[in-house]
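Beneath this line is the structure, given in structure tokens, with notes to follow.
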Amino acid sequence: MANRLAAETSPYLLQHADNPVDWWPWSPEAFEEARRRDVPVLLSVGYSSCHWCHVMAHESFEDRATAEYLNAHYVSVKVDREERPDVDAVYMEAVQAATGRGGWPMTVFLTPDGEPFYFGTYFPPEPRHGLPSFRQVLEGVRAAWTDRREEVAEVAGRIVEDLAGRSIGYGDGGDAPRPPRPEELGAALLGLTREFDARHGGFGGAPKFPPSMVLEFLLRHHARTGSEGALQMVEATCEAMARGGIYDQLGGGFARYSVDGAWIVPHFEKMLYDNALLCRVYAHLWRATGSERARRVALETADFMVRELRTPQGAFASALDADSDDGTGRHREGAYYVWTPAELRGVLGEEDAELAAAHFGVTEEGTFEEGASVLRLPDADGPADAGRIESVRSRLLAARSGRPRPERDDKAVAAWNGLAIAALAETGAYFDRPDLVEAATAAADLLVAVHLDTGGRLARTSRDGAAGSGAGVLEDYGDVAEGFLALYSVTGESCWLELAGTLLDTVLRRFTADDGTLYDTADDAERLIRRPQDPTDNAAPSGWTAAAAALLSYAAHTGSSRHREAAERALGVVTALAPRVPRFIGWGLAAAEAALDGPREIAVVGPAGDPATAVLHRTALLATAPGAVVAVGEPAADGAGGADGGGGADADTPALLRDRPLLDGRPAAYVCRHFACDAPTADPERLARTVGAVGASAGA
């Protein structure tokens with residue numbers, strides 16, 4: 001018999017709808033039930049593509065005896081961390097503060113008032129590796145709740161008090177917060193250099209995550225300063241990832257992370273946000289260097305997102321699972337992706353199988369479980385016969401498509417769709433792929449139609465074209481605004497600029513404190529034990545840095561001093577964190593590079609159908625100048641107002657395009673900072689030199 005989760009829309013919650021555990025979704029009613037029964041709350045947080053979440057579900061939540069004990073002594077609440085990042089953030093902060101580590105599944109025991117008093121992540125069904133069994137934990141927590149209630153209340157009170165003291169505030173004293181100066185960004189570069197893995201690329205050791213936001217900072221830092229060391233770290237890391245097992249050598253796209261330090265064996269789940277961010281990084285690396293490998297990986301990753309993650313409604317699904325059926329009815333991590341020499345021979349025949357094994361690093365010993373190998377490119381020199389390798393690759397991909405596929409979490413998360421919109425719009429524009437721009441536009445249309453209400457508020461998720469119940473958090477507003485601004489730069493359709501402004505006005509009104517600090521939830525959101533607030537970038541840009549970057553870009557498009565000042569205040573936290581933890585503030589560092597450079601504002605004016613307009617527009621989009629913004633459109637009529645939109649015949653014309661006439665009747669480009677412009681040019685080569693459009697000479 002199904003439990004209460006059967007009425008939910010989250011694929012993760014629906015995975016637990018047939019558990020014998022009497023699950024509740026996160027709701028006031030669940031906590032009221034705990035008060036009525038005078039029992040603690042078990043909070044279990046995970047997500048659909050989480051391998052260990054599935055393991056704990058099979059071992060414990062599907063076990064009838066465990067479920068009966070839970071149902072008798074607890075109110076059990078299941079939360080999808082991707083649907084309710086606010087709940088996840090608050091309790092993960094408590095877990096990490098108490099235990100020094102975190103992860104999913106997250107297991108937290110709460111009072112009926114939502115106060116945490118005991119924590120963990122995965123618990124096995126039997127004692128193992130120093131961990132108590134889940135049943136032992138349940139019995140121990142119940143005994144404490146029954147026999148030592150005052151002690152439980154004291155612990156819960158201390159934890160809540162500690163969390164309350166962690167809020168970030170600029171306060172009233174001292175100087176106003178400011179963006180980082182060149183010396184602070186230099187200190188961040190030095191810190192990254194110290195942590196750089198010169199042998200394998202990336203930063204730190206195992207497990208090793210793709211450092212997409214740090215790579216974006218390094219590309220921008222190189223563009224601003226000419227630092228060869230910054231560019232070399234990007235090139236080495238992107239090369240190592242693209243040749244490693246973390247990259248799908250057959251179908252494109254990146255797995256979540258590498259379990260080793262050399263990018264050989266991934267954790268096989270594929271997340272939309274990773275692929276959107278990395279698609280953009282590789283496209284920007286091509287833009288900076290003309291690298292053919294970067295071009296190929298950017299396009300293959302874009303095609304992966306459209307092929308594997310696009311929903312029938314036009315949005316992009318959240319993730320693909322790590323696990324799938326291995327053909328015997330057993331679910332196993334990586335089963336869809338790994339190969340043995342025998343499997344190669346079965347598809348390719350003896351001769352081509354030998355070539356494929358050497359090219360993709362497939363051995364009898366294997367690099368993964370049960371003698372299987374993760375495909376990678378161990379030979380840096382590449383194949384001697386590229387045509388034959390491409391034939392092998394296409395045949396292996398066709399054979400793999402017949403295997404049982406990993407499950408897909410098909411809910412659309414607003415923030416991650418915003419990142420995908422930006423990546424696909426830019427990649428499509430760089431490489432003359434209008435289909436990718438169309439896919440970005442369709443996703444943006446879905447967000448407007450389903451996620452965005454008339455008051456400028458976003459829903460966090462949707463599924464099957466219907467919005468979920470969770471309110472959008474700060475990262476949703478920042479990342480969707482980022483996507484809309486990128487789409488505006490590529491298409492010239494001013495509605496996307498206007499919608500970005502609507503979202504950012506909500507950020508200023510609902511998420512920003514009087515002193516300029518930002519919160520992850522709106523001021524009228526559900527009250528938790530603490531209002532979550534985290535400026536550090538993790539797997540994706542934090543809401544704080546995403547909002548700062550989008551505010552900065554919007555100000556560059558419009559000349560709005562209000563949005564510029566808000567961006568600069570928000571970047572004050574980067575000033576504090578950049579020299580100490582640069583790996584965890586990469587998006588903020590990238591935004592700070594843009595602020596230092598201006599960012600450059602490039603206005604292209606000319607008839608829409610004129611090839612000369614198109615050439616100037618594409619050259620402008622290929623600018624490596626950090627965070628440069630691009631506007632394209634017909635020249636405004638005379639007297640159409642300046643940066644502050646002061647009326648005139650074309651007051652609806654975006655501000656960056658006003659007072660920008662043609663040059664002797666020809667399409668022209670204006671390069672500006674803070675709306676102070678250089679002399680216009682009709683020469684694409686001159687424009688390319690001015691804005692660092694290296695990729696313009698490489699062609700599409």
Strictly distance-based, threshold 3.5 Å: is any side-chain N or O of [X] a donor or acceptor partner for the main-chain N or O of [Y]?
X	Y	result
Ser324	Pro406	no
Asp248	Tyr337	no
Asp410	Ala317	no
Asp505	Thr502	no
Asn538	Pro541	no
Thr506	Gly456	yes
His451	Ala459	yes
Arg256	Glu269	no
Thr107	Thr121	yes
Asn19	Glu62	no

Inset, instruction - Only one of Leu447, Val480, Asp476, Asp479 passes side-chain contact (heavy atoms from CB on, under 4.5 Å) with Asn417; say which it is. - result: Leu447

Can you classify the ring geometry of [X] versus [Y] as parallel (below 30°), tilted (30 to 60°) or perpendicular (above 60°)?
X	Y	value
Phe117	Phe109	tilted
Phe61	His16	perpendicular
Tyr122	Trp52	tilted

Inset, instruction - Measure from the ring center of Phe268 to the ring center of Tyr336 and say whether it is less than 6.0 Å. - result: no

Inset, instruction - State yes or no: are the ring centers of Trp26 and Phe31 separated by less than 6.0 Å? - result: yes

Going by heavy atoms in the side chains, are [X] and [Y] under 4.5 Å from each other?
X	Y	result
Arg4	Asp22	yes
Arg463	Leu14	yes
Leu42	Val77	no
Val297	Tyr247	yes
Met305	Cys279	yes
Leu70	Leu138	yes
Leu309	Leu320	yes
Ile529	Pro116	yes

Inspect the contact between [Y] and [X] and indicate whether a charged nitrogen and a carboxylate oxygen are less than 4.0 angstrom apart.
X	Y	value
Glu308	Arg405	yes
Asp537	Arg583	no
Glu526	Arg84	yes
Asp80	Arg460	no
Arg307	Glu300	no
Asp326	Arg403	no
Lys411	Glu83	no
Glu216	Arg280	no

To the nearest 0.5 Å, what is the distance between [atom1] on [X] and [atom2] on [Y]?
X	Y	atom1	atom2	value
Glu82	Thr461	CD	OG1	10.0 Å
Asp323	Ser49	CG	OG	9.5 Å
Met241	Ser258	CE	OG	11.0 Å
Tyr519	Trp544	OH	CH2	8.5 Å
Leu5	Lys78	CG	NZ	8.5 Å
Glu32	Trp24	CD	CH2	9.5 Å

Legend entry - Positive for ring pair (Phe, Tyr, Trp, His ring centres under 6.0 Å) with Phe209, one of Tyr257, Tyr273, Phe254, Phe584: Tyr257

Inset, instruction - Run through Phe484, Tyr554, Phe511 and flag the one making a ring pair (Phe, Tyr, Trp, His ring centres under 6.0 Å) with Tyr477. - result: Phe511

Where do [X] and [Y] come nearest, in terms of heavy atoms and distance?
X	Y	answer
Leu503	Ala481	CD1-N, 3.9 Å
Ser60	Thr66	O-CB, 3.5 Å
Ala315	Leu446	CB-CD1, 3.6 Å
Pro20	Asn71	O-ND2, 3.1 Å
Val450	Gly465	CG2-O, 3.5 Å
Ala539	Asp274	O-OD1, 4.1 Å

Inset, instruction - Assess whether side-chain contact (heavy atoms from CB on, under 4.5 Å) is satisfied between Glu482 and Ile421, documenting all intermediate values. - result: CA-CA 9 Å; Glu482 175 85 13; Ile421 289 165; over 6 Å; no

Inset, instruction - For the pair Asp113 and Arg35, evaluate salt bridge (charged side-chain N to carboxylate O under 4.0 Å, His left out) and give the outcome as yes or no after the intermediate values. - result: CA-CA 8 Å; Asp113 292 325; Arg35 286 189 199 92; 3.4 Å; yes

Legend entry - Modelled atom types, side-chain donor and acceptor of His51 and Asp321, under 3.5 Å: no

Legend entry - No-hydrogen, no-angle side-chain donor-acceptor test under 3.5 Å, Asp515 and Thr517: yes

Inset, instruction - Go through Tyr488 and Glu498 one step at a time and tell me if the side-chain contact (heavy atoms from CB on, under 4.5 Å) criterion holds. - result: CA-CA 9 Å; Tyr488 168 64; Glu498 294 164 8; over 6 Å; no

Inset, instruction - Answer yes or no: does atom CG of Asp524 have more than 12 heavy-atom neighbours from other residues, nucleotides or ligands under 6.0 Å? - result: yes

Legend entry - Glu407 atom CD: more than 12 heavy-atom contacts under 6.0 Å: no

Inset, instruction - Evaluate side-chain contact (heavy atoms from CB on, under 4.5 Å) for Val306 paired with Leu436, printing each intermediate quantity in order. - result: CA-CA 8 Å; Val306 173; Leu436 297 180; 4.0 Å; yes

Inset, instruction - Go through Asp520 and Arg531 one step at a time and tell me if the salt bridge (charged side-chain N to carboxylate O under 4.0 Å, His left out) criterion holds. - result: CA-CA 8 Å; Asp520 292 335; Arg531 191 177 178 190; over 6 Å; no

Legend entry - Worked check of side-chain contact (heavy atoms from CB on, under 4.5 Å) between Val490 and Trp496: CA-CA 10 Å; Val490 167; Trp496 301 119; over 6 Å; no

